[in-house]
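Report on the following structure.
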Amino acid sequence: QVQLVESGGGLVQAGGSLRLSCAASGRTFSNYAMGWFRQVPGKEREFVAAISGSGSSTRYADSVKGRFTISRDNVQNTAYLQMNSLKPEDTAVYYCAASSSRIIIDYISGFRSWGQGTQVTVSS
């Protein structure tokens with residue numbers, strides 16, 4: 001079992017930036033891919049970005065491509081989501097998640113461990 005703790009959320013104006021962090025413990029960090037998802041009240045949780053266990057492969061939702069960057073530090077056991085050019089529609093609770101293998105995936109059911117979420121609010 002993997003324990004995940006997100007941090008870095010907050011309130012930012014449109015056009016601003018935030019960096020989310022996800023600290024992991026419990027398994028060898030490089031053995032599993034990581035993902036970021038987000039959810040607003042009344043809507044389903046949606047995929048944002050994912051990275052393979054080695055960090056060599058990344059994948060993004062079309063809505064964030066070119067603005068968000070996912071990365072990981074396999075020494076510090078931490079994944080990151082750098083969010084630039086933020087828009088009000090990026091407002092959501094952001095969750096990090098760990099999959100069961102190193103291979104990159106982008107579907108919710110493939111992720112077995114989840115953090116508690118961190119709120120990101122973008123004002124217009």
Side-chain angles (χ1 to χ4, degrees):
Q1 186 71 7
V2 178
Q3 291 77 46
L4 303 172
V5 179
E6 300 104 335
S7 61
L11 173 65
V12 64
Q13 288 188 330
S17 298
L18 282 175
R19 188 176 82 155
L20 305 183
S21 298
C22 176
S25 61
R27 281 171 51 199
T28 302
F29 188 59
S30 59
N31 282 352
Y32 48 91
M34 293 292 295
W36 287 95
F37 292 77
R38 65 188 182 186
Q39 189 170 22
V40 298
K43 292 191 176 182
E44 293 186 353
R45 193 168 297 187
E46 67 173 5
F47 169 76
V48 174
I51 188 167
S52 61
S54 67
S56 60
S57 297
T58 58
R59 189 174 297 171
Y60 297 92
D62 288 343
S63 59
V64 307
K65 206 171 291 184
R67 300 188 298 122
F68 291 11
T69 302
I70 189 171
S71 62
R72 65 189 298 158
D73 184 332
N74 286 350
V75 174
Q76 297 295 322
N77 293 346
T78 303
Y80 303 96
L81 185 68
Q82 178 66 44
M83 306 185 293
N84 298 330
S85 302
L86 282 161
K87 305 175 181 179
E89 52 263 43
D90 294 318
T91 295
V93 176
Y94 283 71
Y95 298 88
C96 68
S99 76
S100 57
S101 77
R102 297 182 180 92
I103 300 171
I104 192 171
I105 56 173
D106 59 11
Y107 50 92
I108 288 179
S109 61
F111 289 86
R112 304 302 175 87
S113 301
W114 293 83
Q116 81 286 355
T118 185
Q119 176 70 46
V120 171
T121 303
V122 184
S123 64
S124 57

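Just so you know, residue 1 is the first one in the sequence shown, and it goes up from there.
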Subject >> Any side-chain donor near an acceptor of the partner, Ser56 and Ser54, under 3.5 Å >> reply: yes
Using the rule that two of Ile, Leu, Val, Met, Phe, Trp, Tyr join whenever any of their side-chain heavy atoms come within less than 4.5 Å, decide whether [X] and [Y] are in one cluster.
X: Ile70; Y: Leu4; value: yes
X: Tyr107; Y: Trp36; value: no
X: Met34; Y: Ile104; value: no
X: Val48; Y: Tyr95; value: no
X: Met83; Y: Val12; value: yes

[Y] and [X], any side-chain heavy atoms less than 4.5 Å apart:
X: Arg72; Y: Tyr80; value: no
X: Ser113; Y: Gln3; value: no
X: Lys87; Y: Arg67; value: yes
X: Ile108; Y: Phe37; value: yes
X: Phe111; Y: Ile105; value: yes
X: Arg59; Y: Ile51; value: no
X: Asp90; Y: Arg38; value: yes

Original post:
If you round to the nearest 0.5 Å, how far is CG of Asn77 from OG1 of Thr28?
Top reply: 8.5 Å
Original post:
So how far is it from Ser100 OG to Arg112 CZ, rounded to the nearest 0.5 Å?
Top reply: 4.5 Å
Original post:
For Lys65, does the NZ atom sit with more than 12 other heavy atoms under 6.0 Å from it, leaving out its own atoms?
Top reply: yes
Subject >> Under the side-chain contact (heavy atoms from CB on, under 4.5 Å) test, residues paired with Arg27 that sit two or more places apart >> reply: Val2, Tyr32
**OP:** Please confirm whether the backbone N or O of Ser57 pairs with a side-chain atom of Ser52, one donor and one acceptor, at under 3.5 Å?
**Re:** yes
Original post:
Do Glu6 side-chain atoms and Cys96 backbone N/O form a donor-acceptor pair below 3.5 Å?
Top reply: yes
**OP:** Please test Leu18 against Leu86 for side chain to side chain contact (heavy atoms under 4.5 Å, CB included), starting from the C-alpha separation and ending with a verdict.
**Re:** CA-CA 8 Å; Leu18 282 175; Leu86 282 161; 4.2 Å; yes
**OP:** List the steps, then state whether side-chain hydrogen bond (donor to acceptor under 3.5 Å, both in side chains) holds for Ser17 with Asn84.
**Re:** CA-CA 4 Å; Ser17 298; Asn84 298 330; 2.9 Å; yes
Identify every side-chain donor-acceptor pair in residues 117-124 under 3.5 Å, counting partners at least two apart or on other chains, and give the distances.
from   : atom 1 : to     : atom 2 : distance (Å)
Thr118 : OG1    : Gly9   : N      : 3.2
Gln119 : NE2    : Ala92  : O      : 3.4
Gln119 : NE2    : Thr121 : OG1    : 3.3

Original post:
Do the ring planes of Tyr94 and Phe68 sit parallel (below 30°), tilted (30 to 60°) or perpendicular (above 60°)?
Top reply: tilted
